[in-house]
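Single-structure report; data block below.
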Amino acid sequence: MSQKVAVLGTGKIGEALLSGMIRAGWAPADLLVTARRPERADELRTRYGVSPVTNIEAAKTADTLILTVKPQDMGTLLDELAPHVPADRLVISGAAGIPTSFFEERLAAGTPVVRVMTNTPALVDEAMSVISAGSHATEQHLAHAEGIFGAVGKTLRVPETQQDACTALSGSGPAYFFYLVEAMTDAGILLGLPRDKAHDLIVQSAIGAAVMLRDSGEHPVKLRENVTSPAGTTINAIRELENHGVRAALIAALEAARDRSRELASGKKD
Ligand SMILES: NC(=O)c1ccc[n+]([C@@H]2O[C@H](COP(=O)([O-])OP(=O)(O)OC[C@H]3O[C@@H](n4cnc5c(N)ncnc54)[C@H](OP(=O)(O)O)[C@@H]3O)[C@@H](O)[C@H]2O)c1
């Protein structure tokens with residue numbers, strides 16, 4: 001498979017992907033970008049040395065098209081692209097909630113489509129990207145998508161039926177951690193610490209805990225038990241978390257996110 005890749009609708013996620021690919025060794029000459037506004041196209045050319053093209057030029061030239069417009073803009077983009085995308089091109093959708101069937105119905109019969117749900121840590125090369133094959137995507141197409149999204153973090157293949165659950169876990173996941181840090185920082189202020197110090201303490205604790213979770217190979221229960229001594233401080237905090245139903249709240253919250261992802265995938269917008 002040739003390596004000419006176009007990012008169509010290069011906004012926040014598209015740019016994160018583009019910059020990650022360049023850092024990972026892709027040649028800017030092999031990368032095309034499209035943007036709706038000329039000033040955005042100029043910005044991308046200046047910043048990355050890539051060639052801005054029209055959506056139709058991208059469709060005709062690139063071997064792989066990565067569509068990173070907002071879900072509500074995807075129909076319009078596909079209407080423009082569909083007549084120009086040869087059926088042997090790989091189309092990768094980075095849009096939340098849109099099933100591969102949406103693309104397959106609009107593109108030439110047999111066009112391989114791969115759906116990817118990434119998350120905002122793509123901006124710092126720590127994304128979690130969940131990858132599913134459409135009906136015509138092969139092992140080679142999946143591997144190609146992994147090669148691209150692997151430039152900005154980890155990848156995981158799942159059946160498309162699990163995409164809504166993954167959206168709830170990793171797509172929205174960073175927001176839950178930001179929310180926790182915000183709440184814990186408020187707690188630090190209540191306990192008399194200045195906001196900036198409370199923030200630093202919580203963020204570094206979060207980073208340390210995340211690295212331990214990733215690298216120690218230990219179950220989270222074991223890691224927590226290791227810092228929960230008899231009659232100590234941590235168990236007092238854990239008792240309050242249980243009293244306030246935090247575990248149940250998290251389960252309900254992720255279930256609600258999964259349900260909303262399903263609604264969006266079925267076209268319900270409000
Ligand atoms: N941000 C996230 O947390 C996140 C996480 C995972 C997945 N995603 C998915 O990633 C996709 C992009 O999200 P984002 O946050 O990166 O959005 P974004 O910053 O708004 O990027 C989308 C870009 O597409 C451009 N665009 C729209 N229609 C176009 C067209 N017909 N031709 C060319 N360019 C067009 C927009 O131009 P303008 O600047 O003129 O509007 C914008 O720059 C979404 O589908 C979203 O579901 C986002």
Side-chain angles (χ1 to χ4, degrees), residues 5-21 31-45 47-48 50-62 65-85 91-100 102-103 106 113-132 145 148-149 151-156 158 160 163-179 257-258 260-265 267-269:
V5 173
V7 181
L8 287 84
T10 317
K12 289 185 284 297
I13 289 290
E15 181 172 355
L17 194 57
L18 182 74
S19 63
M21 288 173 75
L31 299 172
L32 305 172
V33 292
T34 82
R36 193 153 51 178
R37 291 167 293 114
E39 62 271 26
R40 175 66 178 155
D42 288 343
E43 196 172 73
L44 294 164
R45 188 205 321 267
R47 212 173 271 169
Y48 302 105
V50 292
S51 308
V53 294
T54 65
N55 289 326
I56 292 173
E57 282 165 348
K60 290 178 174 168
T61 324
L65 304 173
I66 308 174
L67 313 186
T68 54
V69 299
K70 292 274 192 202
Q72 62 270 25
D73 292 327
M74 197 58 91
T76 310
L77 178 62
L78 277 178
D79 288 345
E80 185 187 357
L81 286 182
H84 307 282
V85 182
V91 174
I92 300 177
S93 164
I98 305 185
T100 52
F102 181 90
F103 300 88
R106 287 162 178 79
V113 178
V114 168
R115 173 174 167 187
V116 182
M117 181 66 203
T118 187
N119 62 11
T120 50
L123 295 165
V124 292
D125 291 348
E126 290 289 353
M128 182 69 248
S129 302
V130 182
I131 298 182
S132 303
I148 292 170
F149 280 83
V152 290
K154 284 195 172 205
T155 62
L156 178 73
V158 299
E160 193 169 6
Q163 277 277 355
D164 293 318
C166 295
T167 298
L169 264 74
S170 56
S172 302
Y176 315 143
F177 290 107
F178 298 145
Y179 177 89
R258 188 277 316 270
R260 182 63 182 144
S261 179
R262 274 187 186 159
E263 280 178 5
L264 291 172
K268 189 164 185 275
K269 299 287 178 239

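Below, all heavy atoms of this structure are taken into account, side chains as well, without hydrogens, waters or symmetry copies. Start at 1 and go down the list; that is how both ligands and their atoms are numbered. Residue numbers start at 1 and run along the sequence shown.
Protein heavy atom in closest approach to atom 40 (O) of ligand 1: R37 NE, 3.0 Å. Scanning all protein heavy atoms for the shortest distance to atom 21 (O) of ligand 1 gives G11 CA, 3.1 Å. Of all protein heavy atoms, the one lying nearest to atom 3 (O) of ligand 1 is T120 CG2, 3.1 Å. Nearest non-hydrogen protein atom to atom 25 (C) of ligand 1 is G9 CA, 3.8 Å.
Close N/O approach between N55 and ligand 1 is found [any backbone or side-chain N/O within under 3.5 Å]. Ligand 1 has an N or O atom lying under 3.5 Å from an N or O atom of R36, backbone or side chain. For the pair A35 and ligand 1, the shortest N or O to N or O distance does not fall below 3.5 Å. Geometrically, ligand 1 and A96 share a nitrogen or oxygen pair separated by less than 3.5 Å. The distance criterion of under 3.5 Å between nitrogen or oxygen atoms is met by V69 with respect to ligand 1.
Using a 4.0 Å cut-off to heavy atoms of T34, the atoms of ligand 1 that qualify are 33 (C). Set against the non-hydrogen atoms of T118, the atoms of ligand 1 under 4.0 Å away are 5 (C), 6 (C). Proximity to G94 (heavy-atom distance under 4.0 Å) selects the following atoms of ligand 1: 7 (C), 8 (N), 9 (C), 10 (O). In summary, the atoms of ligand 1 found under 4.0 Å from a heavy atom of P71, numbered by their order in the structure, are 44 (C), 45 (O), 47 (O).
Side-chain contact between V53 and T34 is present, with at least one heavy-atom pair separated by less than 4.5 Å. Side-chain contact check for L156 versus M128: some heavy-atom pair is nearer than 4.5 Å. Under the 4.5 Å side-chain criterion, counting only non-hydrogen atoms from C-beta, S170 is in contact with V130.
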Quick one, E57 with L32, criterion side-chain contact (heavy atoms from CB on, under 4.5 Å). Give me CA distance, side-chain angles, the key distance, then yes/no.
CA-CA 9 Å; E57 282 165 348; L32 305 172; over 6 Å; no
Residue pair S132, Q163: steps toward the side-chain contact (heavy atoms from CB on, under 4.5 Å) verdict:
CA-CA 8 Å; S132 303; Q163 277 277 355; 2.9 Å; yes
side-chain contact (heavy atoms from CB on, under 4.5 Å) for Y48 and L31? Distances and angles first, verdict last.
CA-CA 10 Å; Y48 302 105; L31 299 172; over 6 Å; no
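If you look at K12 next to ligand 1, the close heavy atoms, those under 4.0 Å, come from the backbone and the side chain alike. In M117, the part holding a heavy atom less than 4.0 Å from any atom of ligand 1 is the side chain.
Here the rule is side chain to side chain contact (heavy atoms under 4.5 Å, CB included) with L18, and of V5, T68, V50 only V50 fits it.
Not one N or O on the side chain of R262 forms a donor-acceptor pair closer than 3.5 Å with the backbone of R258. With hydrogens and angles ignored, the 3.5 Å screen pairs no side-chain donor or acceptor of S172 with any backbone N or O of A168. No donor-acceptor pair under 3.5 Å is formed between the side chain of S261 and the backbone N or O of A257.
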